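Some notes on the structure that comes next.
This is a predicted model, so every value here is computed, not measured. Side chains included, hydrogens not; waters and symmetry mates left out as well; all remaining heavy atoms used. Per chain, numbering begins at 1; letters A, B, ... match sequence-line order.
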Amino acid sequence: MLLSILPKTHFLHSSFKKKMVTIVASVSRTKICSLTHLHSSPETNPSLFLFENCNSMDQLKQIHSQIIQKGLGFDPVLHSKIIAFCCTNNAGCMNYAHYVFDRIPEPNVYIWNTMIKGYSRINCPNDAVSMYKEMLEKNVKPDNYTFPFLLKGYTSDVALHCGKLVHAHVCKFGFDSNLFVQNALMCMYSLSGEMDIARGVFDTSLKTDVVTWNVMISGYNKSKLFDESRKLFNAMGKKGVLPTSVTLVSVLSACSKLKDLDTGKRAHQYIIGGKVDHSLILENTLIDMYAACGAMDVALRIFGSMKKRDFISWTAIVKGFVNSGQIDLAREYFDQMPERDSVSWTAMIDGYLRYNKFKEVLILFREMQTEKVKPDEFTMVSVLTACAQLGALEAGEWVKAYIEKNQVKNDIYVANALIDMYFKCGNAEKAVVVFEKMARRDKFTWTAMIVGFAINGQGKEALQMFYDMLRASIAPDGVTYIGVLCACTHTGMINEGRKFFSSMTLDHGIEPSVAHYGCMVDLLGRAGHLTEAHDVIKKMPMEPNSIVWGALFGACRVHKNVEMAELTAKQLLQLEPGNGAVYVLLCNIYAVCSKWENLREVRKMMMDRGIKKTPGCSLIEMNGTVHEFVAGDQSHPQSKEIYSKLEEMMEDLKLAGYLCNTSEQSLDIGEEEKENALNRHSEKLAIAFGLIRKEPGVTIRIVKNLRICVDCHHVVKLVSRMYNREVIVRDRTRFHHFRDGSCSCKDYW
DNA sequence: GTAGGGTTAG
C-alpha cells in the first residue's frame, strides 16, 4: 500500500552522500545516522548506513521510499537489507518482508534463508515450510544455513509431522555431516519427543561440540529422561568436553528431579572453580537442586549470598521447605516474597495440598485472587484436587466456572482433575459430561473414570469404562486395576474380580502389588469367603501390610467371625501397635458378639498404651465454606439450633418406627447412654445442619473421615425418605447415595 | 552478509 503511493523514482544523484544526510534529517525525528559515521563510510553503497540505526518499521518504510525515489529500487543488496530488518528485528514485520520479497525477480539463497528465518522467529513454522517448498520449486538449492533456520521454528506438531522428511532432504542435499545442521536436527527430534532418533543423530555425528551435548541433555530433560541426562553429563566429562553454564543448568535440573546430590555437587564444582559464567538462572537451578535434595542449609546459603533474586529463587526456597515438610517455614518465606507469580502461589498451594491442609488451599486460593494474580492450569489442578478431597462440590463448580470465564488453559490435566473432583463429590453425571467433551484422553482419564464409578457404587459402569479403555488401545496400569478390583468389591462381583486379578498379569504383564492383594482380600472377605481371603494373604509373595490385614479384619467384623478377627488383630497390632482403629474395631467385634470380658481387656490395653481412637469428623459445605463437625461438637455458632433440629429429627424417626442400633457401640455402658453417644455422631450433626440451612430439595453432601456406622447408615436412609431429601455421604472408602429410603451401596460396605 | 543450547509447577 505504502509503496504504491510513493512518487516515481528518478536517477542517481551525483552528490549522493550529501543527499543521504538530508534524507536522514528529514525522514525521522530520531537521528538514524550520524555525520561522523557518514564521513568514514565507503562511497560504494552509502545507503547501507541507514539500516544500522533503524529501529522501527516506520523508519524502515521511509528509508525504503527514499531508496525507491533515488532510483535504487532494484538494488538486490538493499532489498536484502530491508528483508533482513523485517525478519530479524524485534520491530520487524513479516508481511512487509513478503511484500518486498515478492518483488524480487530471482531471490538468491541468502534471501530465501532470511525469509525462512523470519517465519521461524515469529513461530510460524508452516509459513517457513511453505517458503522452503517454494524455494525448491524455483530450483534454488538450500545451503547449510537453510536447515537450522527452518528447524528452529518447529513446534512439536510440525516436528512430528514433517521432521523426518526434512531430515531426508538434509541427507539428499549433503548436509548431514554439518555440525549446525546435526544440532538443529537433534533439537527438532527432542521437541517431538523422539529421543531415540535424536540419539541416533548424536551417535553417528563425526564432529560434535559442547552445543551438541547441551542439545541432547536438554532433550532428555524435556522427555523427563533425567537419568540419560546424567549419563551424558558423565560421558562428556570422560571425553574431556568442558560444560558451559547451559550444560550445568540442564544437569542441575536433572539432578533436582533425580534427587542426586552427588552429581549436583560435581556440577556445582565447575561453578565454584570459576569455569563458567555466573547467572541468575544458574544460581536458581542450584538452589532448586539443593532444595530438592533436602540440603536446605546449602540452598539458603546460596540464596542469602545472591546479589539479585527473582521470584524463581524465592519459589525454589518455598518449594524446598514444602519438600522437607516444613510447611510453616515455607509459608514464612512465601509471605516475605517481594513479588509472586502464579508459580509461587501454586508452590505454596501445592504445599498445603501435599500435607492434607485442604481448607488452607481454598483460603490461599482466595487470597491469590484478592492479590489479582491470575492462576494458571497448574493452580487449578491443585485447587480442584483440594475440592475433591474436601468433597467441596460448590467450590469445585466455582473453580470450573472460573476456568471457563477466565480462559485458563483447559488441558488434559485440568479435565482429569475435574473428573476426579466430580466423582469425589459424588456427582458421576457431571464427571461423565467432562469426560465426553474431552478431545484427548490418557491413562489417567480412564483410570479416574473407573475408580470414580467404583467408589460411587456403579460397578457395571466402571467395568464398561475399562472395556472402552482397552478398545481405545490405552494400556491400563496398576492403578487402573485397583479401580477395576475396587468396582468388583463394591458391587460384590467376586468371580469377575478373580478373573481380572489373574488377567492383569497374564494379559497386561502387570505384577500385582501389595495393594492389589489387599483388594482381593477385601473382595473375598466382604463376600464372606474369609478362609479364601486368608489363603490369599498366606500365599502372597510379599509381606502383607496393615492394609491387607485391615481388609480381612473389616470382613471379620461384618461376618462376625471372632476367631479370625483376633488372629488378624494380633498381626495388625504387631505391624502397627499404635493404630487406634484396630483396637476400636476389635472392640466393635466383641460388642457385636457380646463378649464384654474381652472388650474390657482391649479397652484396658488401650488405656495402658495411651491409645486414642481417631475422632470421627464430618464435613459439609455451605455456600463455598466448609463446616467441620466432630462427635458431640458444640463449637459451631449455630450449635443450639443444630441440636434441637437433631432431636426433632430423631423423634420424627422414632415415630416412623426407627429403633436405635447400638450393636456396634463398643462402650460397656447403659443402652440409653449408648444411644445418646450415637445421636451425637458427627454425620448426624452435619445432616441436621444441612436440613436447617439447605433449601428443601437440595442434596445434602457429607464427607466423613471414617467409615459410616450401621446406625447412622440406617438413620440417613430414613431421613432420605421421610424428608424427601437426597443425601450423599462419602466415607473413608466409598460413597453412599441415599434416596427414598435406600442406599446405593445396597447395605454392602 | 546469515547458524545451534538453558530455569520454576501437575
Identify whether any heavy atom of [X] sits under 4.0 Å from a base atom; if not, whether one sits that close to sugar-phosphate; answer base, sugar-phosphate or nothing.
| X | answer |
| --- | --- |
| A:D143 | base |
| A:D376 | base |
| A:D277 | nothing |
| A:E283 | nothing |
| A:T385 | nothing |
| A:S382 | nothing |
| A:D411 | base |
| A:F147 | nothing |
| A:T315 | nothing |
| A:N221 | nothing |
| A:N113 | base |

Between [N] and [X], is there an OP1 or OP2 to side-chain N/O distance shorter than 4.0 Å?
| X | N | result |
| --- | --- | --- |
| A:K257 | B:dT8 | yes |
| A:S253 | B:dG6 | no |
| A:K152 | B:dA3 | no |
| A:K319 | B:dT8 | no |

- [ ] Give a yes or no on this: more than 12 heavy atoms of other residues, nucleotides or ligands lie within 6.0 Å of atom CD of A:Q336.
- [x]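 More than 12 heavy atoms, drawn from other residues, nucleotides or ligands, come within 6.0 Å of this atom.
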Open item on the list: Taking donor-acceptor contacts at under 3.5 Å, does the side chain of A:S250 reach the base of B:dG6?
Closed with: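 No.
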TODO: Tell whether A:D209 reaches the base of B:dG4 with its side chain through a donor-acceptor pair below 3.5 angstrom.
DONE: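 Counting by modelled atom types and ignoring angles, a donor-acceptor contact under 3.5 Å is found here.
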If I take atom [atom1] in residue [X] and atom [atom2] in nucleotide [N], what distance separates them, rounded to the nearest angstrom?
| X | N | atom1 | atom2 | result |
| --- | --- | --- | --- | --- |
| A:Y189 | B:dG5 | OH | P | 17 Å |
| A:M348 | B:dA9 | CE | P | 16 Å |
| A:N183 | B:dG4 | CG | C1' | 6 Å |
| A:K409 | B:dG10 | NZ | P | 15 Å |

Taking the side chain of [X] as heavy atoms from C-beta outward, which of [options] is closest to it?
| X | options | result |
| --- | --- | --- |
| A:V215 | B:dT8, B:dG5, B:dT2 | B:dG5 |
| A:C187 | B:dA9, B:dT7, B:dG5 | B:dG5 |
| A:S279 | B:dA9, B:dG6, B:dG4 | B:dG6 |
| A:D288 | B:dA3, B:dT8, B:dG10 | B:dT8 |
| A:N144 | B:dA9, B:dA3, B:dT7 | B:dA3 |
| A:Y110 | B:dA3, B:dA9, B:dG1 | B:dG1 |
| A:V343 | B:dT7, B:dG1, B:dA9 | B:dA9 |
| A:N108 | B:dA3, B:dG1, B:dG5 | B:dG1 |
| A:L179 | B:dT7, B:dG4, B:dT8 | B:dG4 |
| A:T285 | B:dA9, B:dA3, B:dT7 | B:dT7 |

Open item on the list: Check for me whether the distance between the ring centres of A:W112 and A:Y132 falls short of 6.0 Å.
Closed with: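 A:W112 vs A:Y132: aromatic centres not under 6.0 Å.
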Task: Aromatic ring proximity, centroids under 6.0 angstrom, A:W213 and A:F202 - done: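 Yes - the distance between ring centres of A:F202 and A:W213 falls below the 6.0 Å cut-off.
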Task: A:F180 aromatic ring stacked with six-membered ring of B:dG4, 5.5 Å and 30° - done: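 No; centroid distance or tilt outside limits.
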Per-pair distances, 0.1 Å, donor-acceptor, side chain in residues 281-295 of chain A, under 3.5 Å, sequence neighbours excluded:
from	atom 1	to	atom 2	distance (Å)
A:N284	OD1	A:S313	OG	2.7
A:N284	ND2	A:D310	OD1	3.1
A:T285	OG1	A:I281	O	3.1
A:T285	OG1	A:L282	O	2.7
A:D288	OD1	A:K319	NZ	3.0
A:D288	OD2	A:S256	OG	2.8
A:Y290	OH	A:H268	ND1	2.7

Task: Partner of A:R340 under side chain to side chain contact (heavy atoms under 4.5 Å, CB included), chosen from A:P338, A:S342, A:S344 - done: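 Of the listed options, the one satisfying the test is A:S344.
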Open item on the list: Check this for me: does any side-chain nitrogen of one of A:R199 and A:D196 sit under 4.0 Å from a carboxylate oxygen of the other?
Closed with: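 Between A:D196 and A:R199 there is no salt bridge, as every charged N stays at least 4.0 Å from the carboxylate O atoms.
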Task: Distance under 6.0 Å and angle within 45° of ring axis: A:R266 vs A:Y270 - done: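 No, cation not above the ring by the 6.0 Å, 45° rule.
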